[in-house]
There are 2 protein chains.
Amino acid sequence: MRDDANTDEVTLGRIETEVALLMRLGEATRRASGTAEHRVLDRAAYVILRHLAGAGPQNVSALAAKLNLDGSTVTRQVSAMQRDGLIARTPDPADGRGTVISPTPAGLQRMAAVRAARTRLYGDILAAWSPDDRESLADLLHRLNEALESRTRRR
Amino acid sequence: MRDDANTDEVTLGRIETEVALLMRLGEATRRASGTAEHRVLDRAAYVILRHLAGAGPQNVSALAAKLNLDGSTVTRQVSAMQRDGLIARTPDPADGRGTVISPTPAGLQRMAAVRAARTRLYGDILAAWSPDDRESLADLLHRLNEALESRTRRR
DNA sequence: GACAGATAGCTGTATTGTACAGGTAAATCA
DNA sequence: TGATTTACCTGTACAATACAGCTATCTGTC
């Protein structure tokens, strides 16, 4: 029993290490490709467009809640995105205070382009992996995110 | 063959999605716990201490290279950490230009505390997971990071 | 050994992404 | 109807980062 508990703690420590490392690498990658050609879409704009595309047009508040960001942050993000023609603001017909944010065709097109580029990137990075391992990684990451998200919501 | 290629592209898309989501969640978690009690160690300080503890005292440049950060960024980080008593600067005996950054006992202690807290957090989040799944997650994340890192270095 | 170029680190400045506080207008509730 | 809440925006501040430019030192070449 002692050994099992130990092994488990070691595994948790490894997961902690690897997640921290992944975050660092991910940010470095984003920064590096951000300044270069791929300045098409900064990170926040990408996740906002992903969310709008997946869950449909919605209010700033709904977006902020989903993205775990302050409303003011999202306001400024969507302002910038509107300036760039990526989203459109329309008054919410059901609530005079609200404005509905919808992706524009140009926004969707750019999001798709970034997504395709990223997918290609992963294809490149994981070129040597077996399909099974790729599947496992996708599954486990999905479950990890579910677990993280449910905990975030719960708190 | 058509189906296989398709399946694979879907998997890559899922991995892209999940990594993006994990980054977003991770940042949200960091921000949330950053303002609260856990203001013990901001992110950069933690990774710097992790690295110093693992690889030994070293120069600002070496740190910057390892962390994929600009030297000036690391300079400021270590300045703040020195102010907080987490690291010490000593002149490099082998190179008059350099200063060697070493963790202080207080820095190591705080790093260990944060690490333990994070490990506990993962234990909490993954409470329902089987040991096998945890192992798989740790392994696959490790391999993903290796792949990412070797690509970053190669570029 | 002297000088040219490279390197280590620091400082100034700008940018980006974020939060919090405060304001206004609209909605909701008692 | 009046009080409270909500949605959004704006002002302000802060943290993390990069780039440019600076000085001190090192390294190689002649």
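Since the model is a prediction, treat every value here as computed from it, not as a measurement. Labels below follow one simple rule: chain letters A, B, ... track the order of the sequence lines, proteins then strands, and each chain is numbered from 1.
- Contact annotation for B/G98: backbone-only contact, meaning every heavy-atom pair under 4.0 Å involves sugar-phosphate atoms and none involves a base.
- Here C/dG9 presents its P atom at 15 Å from CD of B/Q77, a figure rounded to the nearest Å.
- Judged by the 6.0 Å and 45° rule, B/R134 forms no cation-pi pair with B/Y122.
- Residues B/G71 and B/D95 each lie close to DNA chain D; by heavy-atom proximity, the contact nearer the 5' end of the strand is made by B/G71.
- The phosphate of D/dA16 (OP1 or OP2) has no side-chain N or O of B/T73 nearer than 4.0 angstrom.
- Residue B/R76 places a side-chain atom within donor-acceptor reach of the base of C/dG12, judged by atom type and a 3.5 Å distance cut-off alone.
- A straight line from CG of B/L63 to P of C/dA8 spans 13 Å, rounded to a whole angstrom.
- In this structure, of D/dT17, D/dT25, C/dT18, it is D/dT25 that holds the atom nearest to the side chain of B/R97.
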Exercise for review: Please lay out, stage by stage, how A/M111 and A/L86 fare under the test side chain to side chain contact (heavy atoms under 4.5 Å, CB included).
Suggested key: CA-CA 9 Å; A/M111 182 208 67; A/L86 301 175; over 6 Å; no
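- If you run side chain to side chain contact (heavy atoms under 4.5 Å, CB included) between A/V100 and each of A/V60, A/D95, A/T90, only A/T90 comes through.
- Atom CD1 in A/I48 sits roughly 11 Å away from atom C1' in C/dG17 (whole-Å rounding).
- As rounded to whole Å, 11 Å separates atom C1' of C/dA8 from atom CD1 of B/I101.
- The interatomic distance linking A/E27 (CD) with C/dG17 (P) rounds to 12 Å, in whole Å.
- Rounded to whole Å, atom P of C/dT16 lies 11 Å from atom CG of A/D84.
- Residue contacts shown for B/N59 are limited to sugar-phosphate atoms, with no base heavy atom under 4.0 Å away.
- Whole-Å rounding puts the A/M23 CE to D/dA16 P distance at 13 Å.
- Comparing B/V60 and A/A94 along DNA chain C, the residue whose closest nucleotide (by nearest heavy atom) sits nearer the 5' end is B/V60.
- Checked against D/dT25, D/dC9, C/dC10, the side chain of A/T75 finds its nearest nucleotide in D/dC9.
- For D/dA16, the OP1/OP2 oxygens have no side-chain nitrogen or oxygen of A/R24 closer than 4.0 Å.
- Between the side chain of B/R24 and the backbone N or O of A/N68 there is no donor-acceptor pair closer than 3.5 Å.
- The base of D/dC19 is paired with the side chain of B/S72 by a donor and an acceptor separated by under 3.5 Å.
- Electrostatic pairing of A/R110 and A/D84 does not count as a salt bridge here, judged by no charged N lying under 4.0 Å from a carboxylate O.
- Here D/dA18 is the nucleotide among D/dA18, D/dA24, D/dC9 with the atom lying nearest to any side-chain atom of B/D70.
- Comparing atom distances between the B/T99 side chain and each of C/dG9, C/dT18, D/dC9 picks out C/dG9 as nearest.
- If you measure from atom CG of B/L67 to atom P of D/dA16, you get 14 Å, rounded to the nearest angstrom.
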